**Student:** 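Quick one: the structure is below, questions incoming.
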There are 2 protein chains.
Amino acid sequence: MARRDPLEVANALHRAAIRLLRTVRVADNETGVSAPKLSALSVLTFGGPQSLTSLARAEQVTLATMSKLVSDLEAEGLVAKRVDREDKRGLRIEVTAKGRALMEEGRKRRLARLNKLIAKLSREERAQLADAAEIMMRIAE
Amino acid sequence: MARRDPLEVANALHRAAIRLLRTVRVADNETGVSAPKLSALSVLTFGGPQSLTSLARAEQVTLATMSKLVSDLEAEGLVAKRVDREDKRGLRIEVTAKGRALMEEGRKRRLARLNKLIAKLSREERAQLADAAEIMMRIAE
DNA sequence: TTACTTAGTTAGTCAAACTAATTTTTTGGT
DNA sequence: ACCAAAAAATTAGTTTGACTAACTAAGTAA
């Protein structure tokens with residue numbers, strides 16, 4: 001069943017990851033906010049308020065790209081920008097109540113969708129997936 | 001270590017998959033061909049010559065989008081378009097020798113990059129990842 | 001044959017990525 | 001204390017890949 005060849009393992013994970021992301025994306029589309037914006041919002045939600053630079057780094061995009069994404073999110077009332085008190089060049093970007101509500105909704109939607117899939121699995125299989133995720137996180141940077 | 005809560009498992013896999021894809025993308029960028037084009041080329045390489053419609057369906061984009069991607073690939077000499085003999089509305093798109101060479105190069109590059117990561121793992125951990133990939137494929141779609 | 005369906009193309013729009021140039025502020029060296 | 005260099009954001013402009021809508025050409029069926 002299990003291939004030991006690294007390339008086979010990598011390819012299998014690659015394909016599986018793409019499929020998984022496709023499934024999740026459906027739920028995300030329903031929020032009316034694009035994937036890059038949702039992702040940035042997620043970093044802010046779970047990582048706490050932070051500068052544009054650190055957000056850009058977390059999302060692996062340029063500062064310019066993130067500047068636009070955050071401006072859009074601000075225009076939609078999902079985040080708020082404030083000048084950093086200690087460094088007036090810098091921003092402190094934080095999630096608004098509305099932004100938090102949207103994330104929570106999204107979380108529920110995603111859960112509903114994934115529950116249908118994951119519910120098919122046994123306790124052991126779920127544990128296997130959790131372990132695999134942990135391994136992947138450890139090796140991927 | 002292993003969380004049993006479906007949402008936790010799903011989120012962990014989601015994040016892990018994103019990271020994995022990011023890593024692979026770096027290798028793909030070196031080919032000088034964009035990810036969507038590489039992906040279409042991959043479908044043609046492994047799935048054999050096929051129509052624009054079936055390619056579009058495989059890649060989950062519209063016909064119009066795929067039409068442009070394939071035209072670009074053709075301009076770069078990576079695929080060839082021929083009118084279907086049996087249905088002159090249809091195309092038969094196939095990978096050229098140049099296209100196949102590029103895929104092979106890409107495969108090597110990706111292998112080199114992923115080997116570094118996967119080599120850190122034990123035999124058992126690799127098997128775990130392979131099993132997880134199999135489970136993911138089974139439940140996603 | 002006339003009407004419908006299917007395959008693909010083209011035009012036009014939009015979002016998100018990039019680079020380059022600019023402003024504002026902070027920091028370091030002399 | 002000053003001035004140069006670095007850092008944080010923004011803005012302008014480009015490219016790519018996605019979409020829809022409108023089209024042509026070819027096959028199918030009433």
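In what follows, chains are A, B, ... by sequence order, proteins preceding strands, each numbered from 1. What you are looking at is a predicted structure, and each value in this text was computed from that prediction instead of being measured.
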**Student:** Which residues pass the side chain to side chain donor-acceptor pair (under 3.5 Å) test with A:T53, not counting sequence neighbours?
**Tutor:**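 Not a single residue meets the side chain to side chain donor-acceptor pair (under 3.5 Å) criterion with A:T53.
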**Student:** Round to the nearest Å and state the distance from B:D87 atom CG to C:dT5 atom C1'.
**Tutor:**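 One finds 12 Å between C1' of C:dT5 and CG of B:D87, rounded.
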**Student:** Just to confirm, is there a sub-4.0 Å distance from OP1 or OP2 of C:dT9 to any side-chain nitrogen or oxygen of B:K81?
**Tutor:**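 It does, given that an N or O in the side chain of B:K81 lies less than 4.0 Å from OP1 or OP2 of C:dT9.
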**Student:** Applying side-chain contact (heavy atoms from CB on, under 4.5 Å), can you list everything that pairs with A:E105, at least two apart in sequence or on another chain?
**Tutor:**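 side-chain contact (heavy atoms from CB on, under 4.5 Å) check on A:E105 returns A:R109.
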**Student:** Looking for any heavy atom pair under 4.0 Å, which part of the strands does A:S34 touch: base, sugar-phosphate only, or nothing?
**Tutor:**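 The answer is sugar-phosphate, as A:S34 gets under 4.0 Å only of primed atoms, P, OP1 or OP2.
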**Student:** Just checking B:L63: base, sugar-phosphate only, or nothing, at a heavy-atom cut-off of under 4.0 Å?
**Tutor:**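 Here B:L63 touches the bases of the nucleic acid.
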**Student:** With salt bridge (Lys or Arg N to Asp or Glu O under 4.0 Å) as the criterion, how do A:K88 and A:D84 come out once you've worked through the C-alpha distance, each side chain's angles and the decisive distance to 0.1 Å?
**Tutor:** CA-CA 5 Å; A:K88 287 177 189 161; A:D84 186 328; over 6 Å; no
**Student:** Starting from P on D:dA7, measure out to CG on A:D84 and report it in whole angstrom.
**Tutor:**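 Rounding to the nearest Å, CG of A:D84 and P of D:dA7 are 17 Å apart.
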**Student:** Looking at A:R89 and D:dA7, is any side-chain donor or acceptor paired with a base atom of the opposite kind under 3.5 Å?
**Tutor:**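 Between D:dA7 and A:R89, which were checked side chain against base, a qualifying N/O pair under 3.5 Å is present.
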**Student:** Mind calculating the distance between CG (B:L91) and P (D:dT24) to the nearest angstrom?
**Tutor:**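 It works out to 19 Å between those atoms.
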**Student:** Please tell me if A:K68 has a side-chain N or O lying less than 4.0 Å from either OP1 or OP2 of D:dA9.
**Tutor:**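 For D:dA9, OP1/OP2 do not have a side-chain N/O of A:K68 under 4.0 Å.
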**Student:** Apply side-chain contact (heavy atoms from CB on, under 4.5 Å) to B:K37 and B:L41, showing your working.
**Tutor:** CA-CA 6 Å; B:K37 283 169 195 168; B:L41 199 55; over 6 Å; no
**Student:** Would you indicate, yes or no, if C:dA16 has its OP1 or OP2 atom less than 4.0 angstrom from a side-chain nitrogen or oxygen of A:K37?
**Tutor:**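 Yes, within the criterion.
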**Student:** In terms of side-chain heavy atoms of A:L69, which of D:dG17, C:dA17, D:dA9 is nearest?
**Tutor:**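 Within the option list, the nearest is C:dA17.
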**Student:** Write down the distance between CG (A:L55) and C1' (D:dT10), rounded to a whole number of angstrom.
**Tutor:**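 To the nearest whole Å, that distance equals 16 Å.
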**Student:** Assess whether side-chain contact (heavy atoms from CB on, under 4.5 Å) is satisfied between A:Q50 and A:I93, documenting all intermediate values.
**Tutor:** CA-CA 5 Å; A:Q50 54 197 282; A:I93 302 155; 5.9 Å; no
**Student:** Roughly how many Å is it from CG in B:L73 to C1' in D:dG17, rounded to a whole number?
**Tutor:**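 Checked: the CG to C1' distance equals 13 Å.
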**Student:** Quick one, A:R138 with B:L121, criterion side-chain contact (heavy atoms from CB on, under 4.5 Å). Give me CA distance, side-chain angles, the key distance, then yes/no.
**Tutor:** CA-CA 10 Å; A:R138 213 174 65 227; B:L121 300 176; 3.7 Å; yes
**Student:** B:T53 near the nucleic acid: base, sugar-phosphate alone, or nothing, with a heavy-atom cut-off under 4.0 Å?
**Tutor:**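 It contacts sugar-phosphate atoms only.
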**Student:** Considering only D:dC19, C:dA7, D:dG17, which nucleotide approaches the side chain of B:T65 most closely?
**Tutor:**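 Selected nucleotide (nearest to the side chain): D:dC19.
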**Student:** Rounded to the Å, how far apart are A:Q50 CD and D:dA8 C1'?
**Tutor:**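 These atoms are roughly 14 Å apart.
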**Student:** Which one, C:dG8, C:dC18, D:dA26, comes nearest to the side chain of A:T62?
**Tutor:**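 My answer, after comparing the listed nucleotides, is C:dC18.
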**Student:** When you get a sec, tell me which of D:dT20, C:dG8, C:dA20 is the closest nucleotide to the side chain of B:A64?
**Tutor:**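 Selected nucleotide (nearest to the side chain): D:dT20.
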**Student:** For B:S67 and for A:V61, find the nucleotide of DNA chain C with the closest heavy atom, then tell me which residue's nucleotide is more 5'.
**Tutor:**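 It is B:S67 whose nearest nucleotide is closer to the 5' end.
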**Student:** Using whole Å, what does the distance between atom P of nucleotide D:dG17 and atom CD of B:Q60 come to?
**Tutor:**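 It works out to 18 Å between those atoms.
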**Student:** Nearest whole Å is fine: how far is C:dG8 C1' from B:R57 CZ?
**Tutor:**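 It is 14 Å, rounded to the nearest whole Å.
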**Student:** Looking at every strand, decide which applies to B:S71 at a 4.0 Å heavy-atom threshold: base, sugar-phosphate, or nothing.
**Tutor:**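 If one applies the 4.0 Å heavy-atom cut-off, B:S71 turns out to touch nothing in the nucleic acid.
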